[in-house]
Protein chains: 2
Amino acid sequence: MNPELSLTEENYLKAIYHLSEDSGLDVSTNSIADEMATKPASVSDMLRRLSKKGVVHYQKYRGVSITDSGRKIALQVIRKHRLWEVFLVEKLGFNWDEVHDVAEQLEHIKSSLLTQRLDKFLGHPTMDPHGDPIPDENGEIKEAPQLPLADLQPETQGIVVKVPDSDPSLLRHLDKLNMRLGSKIMIHDKVEFDNSVLIQIDEHEKIYLSGEIAKTIMLAVK
Amino acid sequence: MNPELSLTEENYLKAIYHLSEDSGLDVSTNSIADEMATKPASVSDMLRRLSKKGVVHYQKYRGVSITDSGRKIALQVIRKHRLWEVFLVEKLGFNWDEVHDVAEQLEHIKSSLLTQRLDKFLGHPTMDPHGDPIPDENGEIKEAPQLPLADLQPETQGIVVKVPDSDPSLLRHLDKLNMRLGSKIMIHDKVEFDNSVLIQIDEHEKIYLSGEIAKTIMLAVK
DNA sequence: AAATATCTTTAGATATATCTAAAAATATTT
DNA sequence: AAATATTTTTAGATATATCTAAAGATATTT
C-alpha cells in the first residue's frame, strides 16, 4: 500500500514531481528549496524521510527522482487540486486567477469518496480552468490536444493555453477583449470570406476576431 | 483583529465552545481532554496558549471560558463545517452519516471568499443535514424550539430536527428505521419500565425505540 | 479539620518541521 | 591537479504538539 504522507510531505512530493517533469533529470536540493521557499538544509532532512517512505529515490549529493509509488501519490494530489479548481470556477464563480491558494488547501483533504463524488458532480472534467489536464483515478494523464483557434469548428470550445508573447500591441488588444490565458472560448461561427471567427470569451458578449489573430491563439480542446 | 489560529487551536476552541454551550459553566481541563481524545497535560499547555491569544479566559485550576473573540472564531468554524455538510449531502449525494469526518477537514480551509460563495451556491441554508443551525456571517444563530423525543407525551407529534452527528452506527440504525431529518414522528405510547417509546415514523409501521435513543433525538413540536 | 480522592499543572521526553552555521562533497576554473 | 566556488549535508537550536510521571491544588468524605 501507499504510505500516509503529511501535508508537508505531499507538498514536497508535488514540487519534486513538477521539477522532474520540467527538466526530465534528477532534481537538486537547491531547486527544491527554491520551489518550496525553504532552505536546502530542510530539504535534505525531508529527502531522507521521503526516501525512507519509498516515494523518492535519493542518493546523497546526487539529487533525487520520484518512484512509481511517489508519482502515483503526487498525481492524486494534482488530480484533487485541479478538480477543486474546476469546482471553484464552474460552480462557485471564482475567477481562474483567484483559485490557486484555495485549491492548494483543498487538495490535501483526505477522502477518496469525496474525490470520486466531486469528479462525478463536475461531469468528469479532463481539464482544469488553466487548460492543464486532470489525471484520472489511476494517475493517467491524457494531454488535451492544442489547436490554433482558427482551426476549431463552430460550436466547439477550448481554453486559451498560449498567446504570442512577442507583440505588446496584440497583448493589449487581447486584454481589452478579456482574453487571457485560461479564458474559456466558445466558437460560434466562422466567416469564410476573411477567416474571421465569431467567439464568446468566458461570459462576455460575442465578438468577431480576425483570422490573423485566430491563427496565433492556441486552445486546449476537450 | 482576530488572531490567526492553527488547525489544532481551532479544534480546541470548537471543543471548548461546544462544552460550555452544553454545560453553561466554565469548562474543565479533563472534559476537554476527553473531548479531544488527548491528555489533561496537553490541554493545560494549550489553554495557556489560547489564553495568551485572547480567545479564552483561563485561570489555573479554575477552568476556562470562551471570550467574545473566541466565540466568533468558533462559530465561523462551525459555520463552515455545517455549510460543507450541506454541500456533501445536497450536491455530492453523501449519506448524512458519511459527512462528519470530511467536514472536519473542510471546516479548516481558510478563505472567507470561499465560505461566502459556498453559502450562496447552497442557497443560504439555515440548517445542516443533522438539523443543527448554521451560524450566519456574524455568528448569529437562530435556534428553533426543540425537545427530546423522550420528553414528548403520547398522542403528540413532532418533526425530527436534530440527531447526534458523532456516532455512525446510531446514524445507520436510524436510517434503517427510515428516521431522518424532517421525518414526522407520532408518539403513541411510553413504557414506564424502561422509558422506551412506541412511535410511528412518517407512514411506516409503529416501532418501539429505546429510551436511550429517544433521549438523543430532538423534535420540533408544534 | 484531617484524610483521602480527584483534578490540574509542571517538568522533562519524544517527534516533526523548521532554521543557521559549519563541515563535507562535488563541480569549475585557472 | 590545485585552488576556488558551489552545492549539499550535518550538527545543533527553536517552536509546536504531544506524551508520562510526579507534584501541587482543590474537592469530598469521614
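Letters go in sequence order (proteins before strands), and every chain restarts at 1.
Of the side-chain N and O atoms in A/Ser44, none sit less than 4.0 angstrom from OP1 or OP2 of D/dT10. Residue A/Tyr58 places at least one side-chain N or O under 4.0 Å from the OP1 or OP2 atom of D/dT9. Remark: A/Arg62 is not in phosphate contact with D/dT9, judged by side-chain N or O atoms under 4.0 Å from OP1 or OP2. Note on A/Asn30: a side-chain N or O is less than 4.0 Å away from OP1 or OP2 of D/dT8.
Side-chain atoms of A/Val77 and A/Asn11, non-hydrogen and from C-beta on, never get closer than 4.5 Å to each other. In this structure, B/His81 and B/His100 have side chains that are in contact, with non-hydrogen atoms separated by less than 4.5 Å.
The nearest whole Å value for the distance from the CG atom in A/Leu47 to the C1' atom in D/dT10 is 14 Å. Across the protein-nucleic acid pair, A/Asp26 atom CG and D/dT8 atom P stand 11 Å apart, rounded to whole Å. Put simply, CG on A/Leu7 is 18 Å from P on D/dT16, counting in whole angstrom units. What separates CZ of B/Arg48 from C1' of D/dT16 is a distance of 12 Å, to the nearest Å. What separates OH of B/Tyr61 from C1' of C/dA5 is a distance of 16 Å, to the nearest Å. D/dG24 atom P lies 12 Å from atom NZ of B/Lys60, rounded to whole Å. As rounded to whole Å, 13 Å separates atom C1' of D/dT16 from atom CG of B/Leu50.
The backbone N or O of A/Gly93 sits less than 3.5 Å from a side-chain atom of B/Arg117, completing a donor-acceptor pair.
Applying the side-chain contact (heavy atoms from CB on, under 4.5 Å) test between A/Leu83 and each of A/Leu114, A/Ile78, A/Asp119 identifies A/Asp119 as the sole match.
Interatomic distance, A/Gln105 CD to B/Leu106 CG, rounded to the nearest 0.5 Å: 10.5 Å.
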Close N/O contacts between protein and nucleotides 18-21 of chain C (under 3.5 Å):
unit_1	atom_1	unit_2	atom_2	d
C/dC19	OP1	A/Thr38	OG1	3.2
C/dC19	OP2	A/Thr38	OG1	2.6
C/dC19	OP2	A/Lys39	N	3.4
C/dC19	OP2	A/Ser42	OG	2.3
C/dT20	OP2	A/Lys39	NZ	3.3

Requested in this report: Dump the intermediate steps for salt bridge (Lys or Arg N to Asp or Glu O under 4.0 Å) on B/Asp175 and B/Arg172, then the final yes or no.
Outcome: CA-CA 5 Å; B/Asp175 201 60; B/Arg172 275 194 297 277; over 6 Å; no
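Taking B/Asp22 as the reference, nothing meets the side chain to side chain contact (heavy atoms under 4.5 Å, CB included) condition, with sequence neighbours excluded.
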